[in-house]
Amino acid sequence: MSETTSRPVGGIDPAELFGDPYAVYGRLREEGPVHRITGTDGLPAWLVTRYEDVRQALADRRLALDKRHATPGGYRGMALPPALDANLLNMDPPDHTRIRKLVSRAFTPRHVEKLRTPVRRTADLLLDACAAEEEFDLIAAYAAPLPIGVISDLLGVPGESRPDFRAWTDALVAPDPARPDRAREAVGRLLAFFTGLLADRRRQPGDDLLSALVAVRDEEDRLSEDELMSLAFLILVAGYENTVHLIGNAVAALLAHPAQLAALRAEPHLLGGAVEELARYDGPVPLAIRRFPVEDVTLGGVTVPAGETVLLSLAAAHRDPRRFPEPDRLDLTRDATGHLALGHGIHYCLGAPLARMETEIALTALFERFPDLTPACPPQELRRRPSMRSRGLVSLPVRVRPQPSRP
């Protein structure tokens, strides 16, 4: 068995880890492919850092997501009630296969393409409001409300609930260590929100995904009640959380690399590949969701015992020079296919086509409307959310010259 190193991630300066995970995980990657670490929760885990090992592990059926495979007394994770915890991020086949199949049609590229016009319409309306200001926060005014609006429309979430939903999600995904009560309160409010939303759909079904899932539960009995609510919760949270950070990180990266932004403006056909490169360069998920070997598994030459926690560092994999030459350089002409920002294997992101389309439209609409967009503060002053599992900006101040409203 290859030698491993023991390094307490909890002992690394949080500002360094949250601000630049690429430097931290990059050092670990070059020291070795797999590390025995102590996580921020004080529990041991195995951290995998090199691209090929991470990619293979993402597709390895012996690495389970179901927490019941964890060693007793080991991984605890986020405390969610059963009505929110029975979701795809905690499931393996056959339950994972059954539930994913029920909702997959809503996120096929063909179905997502039908949403392109309404997504662009929403983006333009948001930019109309931004045009009245010389300076605004791109996250609060644009990158966050766009995906919230899209996924809420898809599910049939009423407009007046959307600001509350964003606040609850932020408190849950990036909790304030000084205020643990906020995360617990957010769980309670989310549970009440989805309970009421499902009751509304039962009373008044609509032409939306949630009404269709309620019918699958009530008429076809292919979902339990906990699975139904957990699925609605996951679609709404994941549809917002990852996309807002993908958009925000992409805009921040382009503003920090004006030559790349100029190339994209000059050659708009680069956009599709640019989104892939931006997802690789600074994706929304530094660490894949934890996994638990159902048997002893060898990763990167290291044997990991069954039941122990495995963490897969996408941040390290995406900057691995063995896979991506000059990985710290943003290059919109790079062939970044094969990046892992949206997963790999059976747990590949269900909403990947939607996230890609929203990001393409968000960037296109933004830079068409504001060709002179500039950052309103230096990159080093941007604040990141204090989370190991998601990488996103608290805010992104930008500046424009006053623009007329669209005709």
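Heads up: numbering here begins at 1 and tracks the sequence.
Side-chain contact between L330 and E277 is present, with heavy atoms from C-beta onward closer than 4.5 Å. At least one side-chain heavy atom of W46 sits under 4.5 Å from a side-chain heavy atom of R36. Residues R50 and R323 are not in side-chain contact: their nearest non-hydrogen atoms beyond the backbone lie 4.5 Å or more apart. A 4.5 Å side-chain heavy-atom check between L213 and L231 finds at least one atom pair inside the cut-off. Side-chain contact check for R384 versus R391: some heavy-atom pair is nearer than 4.5 Å. In this structure the side chain of I361 never reaches within 4.5 angstrom of the side chain of T364, judged on heavy atoms. Proximity of D53 to L299: side-chain heavy atoms (C-beta onward) are nowhere separated by under 4.5 Å.
For the atom pair D66 CG and D95 CG, the distance stands at 8.5 Å (nearest 0.5 Å). Summarising the geometry, atom CG belonging to L65 is positioned 5.0 Å from atom CZ belonging to R291; distances are rounded to the nearest 0.5 Å.
Residue E227 is tested with R100, R217, R98, R222 for a salt bridge (Lys or Arg N to Asp or Glu O under 4.0 Å); the sole match is R98.
V214 pairs by the side chain to side chain contact (heavy atoms under 4.5 Å, CB included) definition with L198, R201, R202, D218, L228, not counting sequence neighbours.
Residue V251 comes nearest to F367 through the heavy atom pair CG1-CZ, 4.4 Å, listed as atom of the first residue, atom of the second, then distance. Scanning both residues, F107 and L350, for their nearest heavy atoms gives CB-O, 3.2 Å. Taking every heavy atom of both residues into account, F193 and V157 meet most closely at CZ-CG1, 3.7 Å. Nearest heavy-atom pair across R29 and A316 is NH1-O, 2.8 Å. Between R385 and H245, the shortest heavy-atom contact is NH1-NE2, 2.7 Å. Between P371 and R265 the shortest heavy-atom distance is O-NH2, 2.7 Å.
If you look at Y25 and H318, their ring centroids are not closer than 6.0 Å.
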Without placing hydrogens or testing angles, list every side-chain donor-acceptor pair under 3.5 Å for residues 137-151, not counting sequence neighbours.
| from | atom 1 | to | atom 2 | distance (Å) |
| --- | --- | --- | --- | --- |
| D137 | OD1 | I139 | N | 3.0 |
| D137 | OD1 | L396 | N | 2.8 |
| Y142 | OH | A362 | O | 2.8 |

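Under a 3.5 Å cut-off, the side chain of T309 and the backbone N or O of R290 do not form any donor-acceptor pair.
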